[in-house]
Amino acid sequence: MSYCLMCQNRINEYFDLEWVLSLQQLKKKFLCKNCQNNLVELINYPRCPGCGRKMNKEDTCIDCRKWGSEYSDLLGNIALYEYNELMKKYFEKFKFMGDYYYSNIFNGELKEIVQKKYGKGWLFVPVPLSKQSFQIRMFNQVEALFSGLTFTELLAVRNDEKIKQSKLNRRERLRRRQPFVLNSNKRVEIEAANILLLDDIYTTGGTLYHAARIMKDAGAKKIKSITLAR
Amino acid sequence: MFTKKAALEVQKDIIICNRCGQKTPKERAFLPNQQYYCPACIMLGRLTTQHILYTIEEPNLFLDISDPLTWKGELSKNQLRCSNKIVQIQRDNKDFLLWAVTGAGKTEILFASLADAFKKRKRVCIASPRVDVCNELHPRLKAAFECVTMVLLHGYQAEKYEYTQLVICTTHQLLRFKGAFDMLIIDEVDAFPFKNDVMLMNAVNSARKSVSSLIMLTATPTHSLMKQVRRKKLEVGYLPSRYHGHELPVPKIIIRANWMKELQSGKICNKLKKIINSWTDNKEPFLIFVSQIDFLRDVIVVIKKFINGRCEGETVFSADKERIEKVQKMRDGTFQYLVTTTILERGVTFAGLNILVLGADDELFNSASLVQIAGRVGRSAQEPDGDAIFLCSRKKKTVVNAKKQIILLNLKGRKIKNELLFDVPE
Ligand SMILES: [Zn+2]
Ligand SMILES: [Zn+2]
Ligand SMILES: [Zn+2]
């Protein structure tokens, strides 16, 4: 018998038709049916092509129009799930309490979609973590979620960037200056490269567009992104 | 004086946590930087192989209070006898099981022994597996012992830890203490997640001092506790009377092999129809218990369809954001029924209540929780009668035992005419 990582309820062992057709076997080991039902899979809804958020109809959202005017190319972000109550609880356990094992819940899916949508010719670049955060957490949650892929670590967090993103409000986050620097020894790899940025949550897009800007300036060709939640 | 040791012990395939005593397979405890952490007690803050635990010897630095008890209520004859017994246990630093049926006034029974302990500058902890119970106990104890320092600790609240003479906490929080308490009281010792939980049993043993008293409260003692009683390793006190003097309802067991399939295809068997009809016709409130959250949706759909607007009701579960509102609607009569999980079984009281357990033979229900659920029925002196229905797909020991325990409790209650016994019930 196994227990759901999110609610500690027993996981039912029986399969029904809906279950088999839903292709949810990967998560089955870790989540009960009820918790899975509380996940909103964005692929089933009309979305914003820029950030992947749920929309009433397929259309570029206001935020992405703004990014479009600042950055010419949108990231075409793919997000697997809506950032809802369950996702919030998930990140509390995984990221803030530091239960590394929780990366297993979504690792299979994330790996699969990256391999399916972005094959050869793409560099997989995880958004980095500040030294301070890494010291406390002892893992980079993005690398944990996408573990199994070959990463190219092009980015590092600037040393003076000490404020945690979750402590800033939206406006402060948008106004924040470039938080990243290039790993100097990797500069050559960026030229004319196709880059897929990996992150855990797409909140305002600020983090990802900062990362995109620095790589565009260094000569990257295409830059896209993928996140677990939006 | 303090001692120190590594937080985690790493063995070949497992790690052992020195805070909670749990063993965890390495693959579950692994961190990518070659360290390990303990997932079992992570809610108290993550311990890793890099942490060191310090233990400080308990100094009992408390004020002398000549008369700590500010409560002026009175105990019944039975309660008083029981209360005196616990005072003695506390003085002798022994272990004791108080078997008190729901509504016997357990808290007041403890007051005299608490007062005696405080006077001797002893440090005391009252732990319950349920947050609600802690929240409810805290103001009552504050009112009863105005001059005693106390702190409330559980995972959902922000009161900062302070060194106090009385600690009221959830059982998990006991893991924070080593050799700290001269008297430790565990409420609902039979309750999930306390029962059979090795981690928490270890926590109890290491939170108390080597010379200390342990008082366990229960409405339905477990097998292992009764075994200790029979072997004379544990003294027991038995307080059978409910506050309104009525007996527990003897549950009616209905066996229906295919009830779950029927329900999932939208059908209810005739026996259940008749019972639910009588509840709705007589405007009697009822609770329907299911073993897990997964079933709530299926059940409410079928029940709503069958009741067809004759009365209102909803589903409710522990993490339900509208839980308080829904329970309130049940209280004020807007709802006549709730479909709920086992989580609500304790502490919820409605006058003249009936209960129906769907799948009482499910392994998530044990005899103790079934007796507790049946104990919800009636629950007011004005309307003491109600039905307790256990629907099962097959005959199961836990269900039959629950019924037997209730009959036994009622018999005992009758035989000894509400007198307190300090002996071993069969
Ligand atoms: Zn779950
Ligand atoms: Zn967008
Ligand atoms: Zn532990």
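First the proteins, then the strands, lettered A, B, ... as listed; each starts at 1.
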Can you classify the ring geometry of A:Y118 versus A:W122 as parallel (below 30°), tilted (30 to 60°) or perpendicular (above 60°)? perpendicular
B:L287: which of B:L338, B:V357, B:I373 passes side-chain contact (heavy atoms from CB on, under 4.5 Å): B:L338
Would you call the rings of A:Y90 and A:F106 parallel, tilted or perpendicular, where under 30° means parallel and over 60° means perpendicular? perpendicular
Could you go through the salt bridge (Lys or Arg N to Asp or Glu O under 4.0 Å) check for B:R256 and B:E262 one step at a time? CA-CA 10 Å; B:R256 182 91 182 161; B:E262 283 179 351; 2.7 Å; yes
Please classify the contact of A:Y102 with chain B as side chain, backbone, both or neither, using a heavy-atom distance under 4.5 Å. side chain
Could you tell me which portion of A:E85 (side chain, backbone, both or neither) has an atom closer than 4.5 angstrom to a non-hydrogen atom of chain B? side chain
What part of A:D99 lies closer than 4.5 angstrom to a heavy atom of chain B: side chain, backbone, both or neither? both
